Structure formats: structure tokens, C-alpha cells
Amino acid sequence: MNIELIIKDQVAVAINSLYGQQVDPAQVQVQLTRSEFEGDQTVMVFPFLRTSKKSPEVTGQEIGEYLVANVTEVSKFNVVKGFLNLVIDNTFWIDRLNEAIPDDRFGFIPETDQSELVMIEYSSPNTNKPLHLGHIRNNLLGFSLAEVMKANGYKVVKTNIVNDRGVHICKSMVAWLKFGNGETPETNGKKGDHLVGEYYVKFDQLYKSEIAELMADGRTEEQAKEEAPCIVEIREMLIKWEANDPEVRQLWRTMNGWVYAGFDETYKTLGVDFDKIYYESDTYTIGRDEVLRGVKEGIFQQESDGSVWANLEKEGLDKKILLRSDGTSVYITQDIGTAQLRYRDYPIDHMIYVVGNEQIYHFQVLSLLLDKLGYKWGSDLYHFSYGMVELPNGRMKSREGTVVDADDLVAGMIDVARSVSMELGKLEGYSEAEKEHIYHIVALGALKYFILKVDPKKTMTFNPEESIDFNGNTGPFIQYTYARIQSILRKAKETAIAIPLKAETTSLNDKERSLLKIISLFPEVVKEAGKGHSPAVVANYVYDLVKEFNSFYHDYSILNEPDLSIRDFRLVVAQTVGKIIKNGFSLLGIEVPERM
RNA sequence: GGCCCGGUAGCUCAAUGGAUAGAGCAACAGCCUUCUAAGCUGUAGGUUCUUGGUUCGAUCCCAAGCCGGGUCACCA
């Protein structure tokens, strides 16, 4: 039972009884009492002054007296200016704890047959280069959002649309044919996505030098960009690819295969996965057919050169091209086809696209186009748009070589985790494999928490030198607290102290009270994170919980507490805090170690 | 230029329209014979970009401006 709702209801009853006025309980403003005042919940008195026709102090006093007399949960009150601070009885908080103790999935809403199905698209890489820091934010947000939605009782299908065809992959292919000498990931030991990425860079260098040559010969920049021999080759290759030329297709499959092997490794390291993967090469023709149907039905317009356009000026947007004059499809055509295929495959109730905020316009257009084509899910699609990850000097630029590679970043964090851990030397008795596992958990905890604690909508800054921190408001700090709790629970077990199944106490010290209050908030936090599509809400909550626990841990002994009933109570509180850390972090896709 | 997003401590980030705007990092001062010091406690650090407006009350809502970013491709 939610204390806020109880108070809202009872305040409405109090107003009605005291002043004879009907008040909607939803309109009663209640918030957590600030720590410098006595109390747990604070009611805003200001809105009721018109009905009470009395001063804020008197009104608060009267409502407070009514609540203490008539509501068992409210044991005391005080009024400061227009704020009515209510002290909630200890038994209420202990009851909440006792609800949490036996429930392994405390705060999570279970899935039922009636649960709605939400499909979450995330990651969606191009296959011409390895993943970087920007992809990491996407992947972590997508995975976490899926966990949050599951915890809110939804069925979730995680999906990935791989952009496996087009100009970008052809560039790597052409460069590999020119300079590759047949090298493969097997022959040189490189990760496949990195190898293909190198050829993408080589193509770009070649292209630039050819443009420079042509311009030196007197062409304009525009002409040079059109006529460069290597770009002509790309165009020819694309046409061959579309015509199913066996050699081009074979090379395309081979090089994409290298990339997939590399991506799989990165995904595995990051701990993200997918239930269903779609490939643009399978969906873009469906999209083209859909657009042509739209032309036939008069929804879209075909120009004399053959290109197809949607006019969205009525909706306040521009004209948007859907098919090029040569009949080939563009980016958005593929999204139309993919949507079609997905809704054929799954009974989707909600579709969420996890894609950066630079594509807000794109998804507005997609939503309108799907709507025009007659799909009810067009207007319902939700673009979960997140901000960019910037470096201290601004945006990552591949041309300037400032892109932070995902694999390098993770490897670097694991190195730091290893050296920090070895310095502290708390893992004696663990095998090398077990130690490496801990380093991995801690390193990824640091990275994931760093990224997920920030409001997804906001542009965030990542400083490779400074952002790898393991102290303070970080993942490892929270993991460390979990490990501490597990250490206590292990010791209890060793000394045959049974952890009670129920909290049996009536008195609470300040820190215990604070802890129980925070524990009781977890279910609301999970809901809020779901409603707001925000893993950050969970991250910030877990941090608050852990800070409070550490303060309690510092001030009071658990196992050495002489009063056995208090000792047992503290043990079960610690165990519950550990459980919430673990469950909360699972929503972020972060593991917790038993020791560190 | 049109549209969209953001601007909070030196830095990275919090704050359902509420009380004296909070954390961490960095700086400084303390706390390990005691359940893990990756911890705890304290000091210092603010014109919440500016100016108006709405409100009993504005970091939050509205308007204008300033600054930064994004986007408006027969790229993806």
C-alpha cells in the first residue's frame, strides 16, 4: 500500500469533514518531507486556504489533528508555514519491509496472458565499421529499457535492424578488392568488424585523393565528387548488387560475415542481446513495394523522372523522397518495409525505436507515412530519442580520428578494474578466471552506470581520462556495497545465525527508519522508470539507497549488535537492501559481485 | 533562415510548481585493533544564461532575447 495515496485520500476526507468541501484526492499535493524537518510526508496546505478561510498555520494544525485522530498510519504532525509534516508510524514502514522480504521480485509487476507486447528496436548498426561510444549508449539504453518494460509487466521482443546493404558496405568492399591482397580476420587475427572498418577508412582516403587530383585538373569540387573513379566503381557495384551479381553478393556475404562475428563479440561483452534480427537486405524490397502501392492509391506522387515523393506540407513538414529516379530505395523506404514485416511476425501493441535524437524528424516522417499507408501503428510508434555522447572537445568525428571505439573502451576499463582490484587485494582465494570475471563485472558496471545514470534525453559528455572512476557516484561503489552485504550474510551463515523470514521489531533508529522508507519506494520507482522510459530513474534511486545503507553500516554494527532481536532485524534489512540493489541493477543490465 | 533539443557549483550530473537548489569528482580537514576504507564524516564552492510575465510560491510553466547542439539530402 502506497502511503502517498492513503494520505491524499485521508486529507480529502479531513477537508470534507472540517470545512464541508469536496476535494479530489488526486489534487492533494503530497511529497517527501525534507530531511531538515521532522516527518515523513508533507502535505501542501496552501491550496486549501480558500476553503478553510483560515491562515496556513491554523489550517495545517486542524488537518493535522484530524489525521492523527483518525488515521492509524499518522502518529504525529507539525506545521511549518504552509507545510503540514506528518510522522508515519514505525509499524507502517516495518509492514512495508515485510512485504518486500519474501518477494524475490519485489517491485516488479509480473507478466500475464493479458500483458501487452512491446517491441524494442535498438542497436541497428551499419556493417562497415566497428561499434563506438555512441552505439554503446544506444545498446545500453535499449537493453535496459527492455528490462524496465518487462519489470512493468510487458512482454518484450528485442529487435535489431542491421543496415547491411548500401553505399557504406560497398566502400569497404571496393577498398578491400583494391588493397586487401586477400587478407581475412583468420589470416591476420584482427576482429572482423575492425578489419572491414579499416578498409572503409582506406576508401575514404582514396576518394579524397582522387577528388584532389580531379580538382587540380580543373574540375569543380562537385564534379570531382561525382566523377572520381572509385565512386563510379561504387555505383557500378551497387547496381550489380541489386542485380544479384554472384561475385559481388559473395564478397558482400563474406565481409558482412566478418562484421557480424565482430559485433557478436562486442554484444556479448556488453551483455546485450536480441530476440529477433532483421536485415535491411531482406526488408528494403518490401518497403519499395509498399511505396509503389502508395503511388497506385494516390497517396504518393511519382515525378516524370521516376522518383517518388510524399508531400507532407499539410502536416507541417516538407516533401520527402521515397524512391530515387533509378527506382532504388532510400533510408526511410527500408523502415517502411521493416515495420510491415515486424507486424506480420508479431502481435505488436507498442513499437519503440531506440534511435538518437538527430533522427527526430525522420521518425515524425515515418509515423506519418505509415499512417498514410493505412497502418494503425503508424501514429502509435514511439521514438525513444536519446542525446549524443560528446567528448570534452565536442562531438566525435571519424574524420579527425576522435571516435572512441567500443572494444578499446571496454578493454581499457577492464585494465583499470584489474589494477585497482589488485592494489586492494581483496580477492585472495579466487582463481584467475574468477578474478577476471570480477574485473569484467566491475568494469562494465562502471561504464554502464556512468551512461545510464544520465537522463537519456540529454546530451552527455564522456571524458576518457576522467570518466573511468570507481569511487563516489559510480557503478563499482554500488557493487561494492552489495559485496559488503553479501560478506555479512556469508558470515552469518558461517556462524549459524539464521536470517529471519520476518522483521519483528517496533523501535527504529533514524538510519533504520530512513532505510525502510527508501526500500518502500522501489516499486514506485520501477513504475516511474517504465512510464518515463528512463533507466536513469532506477540508477539514481539505487544510489540513494546505497548511500543511506553505507551511512547506516558505518554507524551501527549488524553482526556484533548485542541485542539479538535488533541484530536479526538489521540482518534482514541488509539482505533486503542487497536484493533491491541486485534487482535494480538488473534493470540496468549490470551484474553484482559476491566479493570485490 | 524554419523547426527541434539543451543551458544548474571549476568538472560530470540530480532536483512530480514548494521550505535554506542537492550528489559525486577535483581541493582542504578528519576516521581503519571493530561486519570489506572501491567506505564514512566535515569545510569550501551557486545571480539555476538574461529580461519580463503567470502564481501564495518558478531551476521547472509562458514570451522575448543570448549561447551551444541537432535537423531540414535522389546519405544512412
Side-chain angles (χ1 to χ4, degrees), chain A residues 4 29-34 36-37 42 44 46-47 49-50 56 80-83 85 124 126 128 163 166-168 280 303 305-309 316-318 320-332 334-335 356-362 364-365 385 387-388 390 392 394-395 417 420-421 423-424 426 442 446 450 453-455 457-463 466-467 469-481 483-492 528 532 536 539-540 543-544 546-547 550-561 567 570-571 574 595-596:
Chain A
E4 207 177 300
Q29 293 180 54
V30 180
Q31 63 187 223
L32 299 179
T33 304
R34 295 181 66 102
E36 59 264 39
F37 301 100
T42 295
M44 297 300 148
F46 301 105
L49 300 185
R50 250 177 229 140
V80 181
K81 290 188 260 176
F83 302 91
N85 300 319
S124 307
N126 289 352
N128 60 325
N163 301 308
V167 175
H168 52 88
E280 188 189 348
E303 297 291 314
D305 65 359
S307 59
V308 175
W309 297 77
L317 305 177
D318 309 343
K320 187 80 191 171
I321 189 154
L322 303 179
L323 289 178
R324 298 190 187 98
S325 48
D326 63 5
T328 58
S329 54
V330 296
Y331 181 45
I332 202 153
Q334 168 260 118
D335 267 333
N357 63 9
E358 74 273 17
Q359 294 196 36
I360 288 175
Y361 181 73
H362 172 81
Q364 280 175 357
V365 171
S385 83
M388 295 200 163
E390 290 187 344
R395 198 177 170 176
V420 170
S421 182
E423 207 172 300
L424 294 169
K426 293 180 184 175
V442 171
F450 181 85
K453 76 173 179 185
V454 180
D455 181 344
K457 291 194 292 286
K458 288 192 158 179
T459 303
M460 65 178 290
T461 305
F462 185 90
N463 185 334
E466 291 171 13
S467 297
D469 206 338
F470 292 76
N471 301 316
N473 187 358
T474 66
F477 162 66
I478 291 163
Q479 291 171 319
Y480 172 75
T481 305
R484 265 179 159 179
I485 291 170
Q486 299 319 302
S487 170
I488 293 172
L489 297 177
R490 273 195 305 274
K491 284 223 163 82
E528 206 185 310
N540 291 325
Y543 177 66
D544 289 341
V546 161
K547 250 196 103 50
N550 277 327
S551 174
F552 161 75
Y553 175 93
H554 180 265
D555 289 359
Y556 300 98
S557 185
I558 297 173
L559 288 173
N560 298 327
E561 166 60 40
R567 180 198 67 186
R570 287 178 185 167
L571 263 173
R595 281 175 60 182
M596 68 183 272

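Note that this is a predicted model, so its numbers are computed, not measured. Chain A is the first sequence line, chain B the second, and so forth, proteins listed ahead of strands; every chain is numbered from 1. Hydrogens, waters and symmetry mates play no part in the numbers below; they use all other heavy atoms, side chains included.
- For B/C35, neither phosphate oxygen OP1 nor OP2 lies less than 4.0 angstrom from any side-chain nitrogen or oxygen of A/R567.
- Put simply, A/R324 has a side-chain N or O that comes within less than 4.0 Å of OP1 or OP2 on B/C75.
- Heavy-atom nearest nucleotides on RNA chain B were determined for A/Q364 and for A/V420, and the one closer to the 5' end corresponds to A/Q364.
- Contact annotation: A/S487 reaches the phosphate of B/U36 (side-chain N/O to OP1 or OP2, under 4.0 Å).
- When the P atom of B/C74 is taken as reference, atom CD1 of A/I321 falls 6 Å away, rounded to whole Å.
- For B/A27, the paired base is B/U43 (Watson-Crick or G-U wobble, both distances below 3.5 Å).
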N/O-N/O pairs, protein side and nucleotides 9-17 of chain B side, under 3.5 Å:
residue : atom : partner : partner atom : Å
B/C13   : OP1  : A/T461  : N            : 2.5
B/A14   : OP1  : A/D455  : N            : 2.5
B/A14   : OP2  : A/K458  : NZ           : 3.2
B/U16   : O4   : A/V30   : O            : 3.0
B/U16   : O4   : A/Q31   : NE2          : 3.4

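- For A/I478 and B/G24, the CD1 to P distance is 13 Å, given to the nearest whole Å.
- One finds a side-chain N or O of A/K547 lying less than 4.0 angstrom from the OP1 or OP2 phosphate oxygen of B/G24.
- Contacts of A/F450 classified as side chain to side chain contact (heavy atoms under 4.5 Å, CB included), with partners at least two apart in sequence or in another chain: A/M460, A/F462, A/S467.
- When distances are taken from the side chain of A/Y553 to each of B/G39, B/U41, B/C35, the shortest belongs to B/C35.
- Considering all non-hydrogen atoms of both residues, A/A539 and A/K453 come closest at CB-CA, 3.8 Å.
- Taking A/E36 as the reference, A/R34 meet the side-chain hydrogen bond (donor to acceptor under 3.5 Å, both in side chains) condition, with sequence neighbours excluded.
- Listed by chain and number, the residues in a ring pair (Phe, Tyr, Trp, His ring centres under 6.0 Å) with A/Y361 amount to none (sequence neighbours excluded).
- A/N550 places its CG atom 14 Å from the C1' atom of B/G24, with the value rounded to the nearest Å.
- In terms of polar N and O atoms assigned as donor or acceptor, the side chain of A/D318 never comes within less than 3.5 Å of the base of B/A73 in a complementary pairing.
- With sequence neighbours excluded, no residue satisfies ring pair (Phe, Tyr, Trp, His ring centres under 6.0 Å) with A/Y553.
- To the nearest whole angstrom, the two P atoms, one in B/G10 and one in B/G18, are 25 Å apart.
- Of the side-chain N and O atoms in A/K81, one or more sit less than 4.0 angstrom from OP1 or OP2 of B/U20.
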For nucleotides 42-44 of chain B, which of its nitrogen or oxygen atoms have a protein nitrogen or oxygen under 3.5 Å away, and what is each distance?
none

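- Considering only residues two or more places apart in sequence or on other chains, A/D555 meets the side-chain hydrogen bond (donor to acceptor under 3.5 Å, both in side chains) condition with A/K511.
- Here A/S307 lies in heavy-atom contact (under 4.0 Å) with a base.
- A/H168 is linked by a ring pair (Phe, Tyr, Trp, His ring centres under 6.0 Å) to nothing, counting only residues two or more places apart in sequence or in another chain.
- Distance noted for atom C1' between B/G30 and B/U47: 34 Å (whole Å).
- One atom, CD1 of A/I360, and another, P of B/C72, lie 12 Å apart when rounded to the nearest Å.
- Stacking of A/F46 onto the six-membered ring of B/G57 is not present when judged by under 5.5 angstrom between centres and under 30° between planes.
- Listed nucleotides: B/A76, B/A19, B/C74. Nearest to the side chain of A/Q359: B/A76.
- Of the candidate nucleotides B/U36, B/G39, B/G18, B/G39 has the atom nearest to the side chain of A/N471.
- In this model, the phosphate group of B/G68 is not approached by any side-chain N or O of A/R395 to a distance below 4.0 Å at OP1 or OP2.
- Considering OG of A/S385 and CG of A/N357, their distance stands at 5.0 Å, rounded to 0.5 Å.
- Contacts of A/F37 classified as ring pair (Phe, Tyr, Trp, His ring centres under 6.0 Å), with partners at least two apart in sequence or in another chain: none.
- Here the OG-CG distance, from A/S307 to A/L323, works out to 9.0 Å after rounding to the nearest 0.5 Å.
- Base orientation at B/C32 is syn, since its O4'-C1' glycosidic dihedral falls within 90° of 0.
- Picking from B/U41, B/A76, B/C56 the nucleotide with the shortest atom distance to the side chain of A/N163 gives B/A76.
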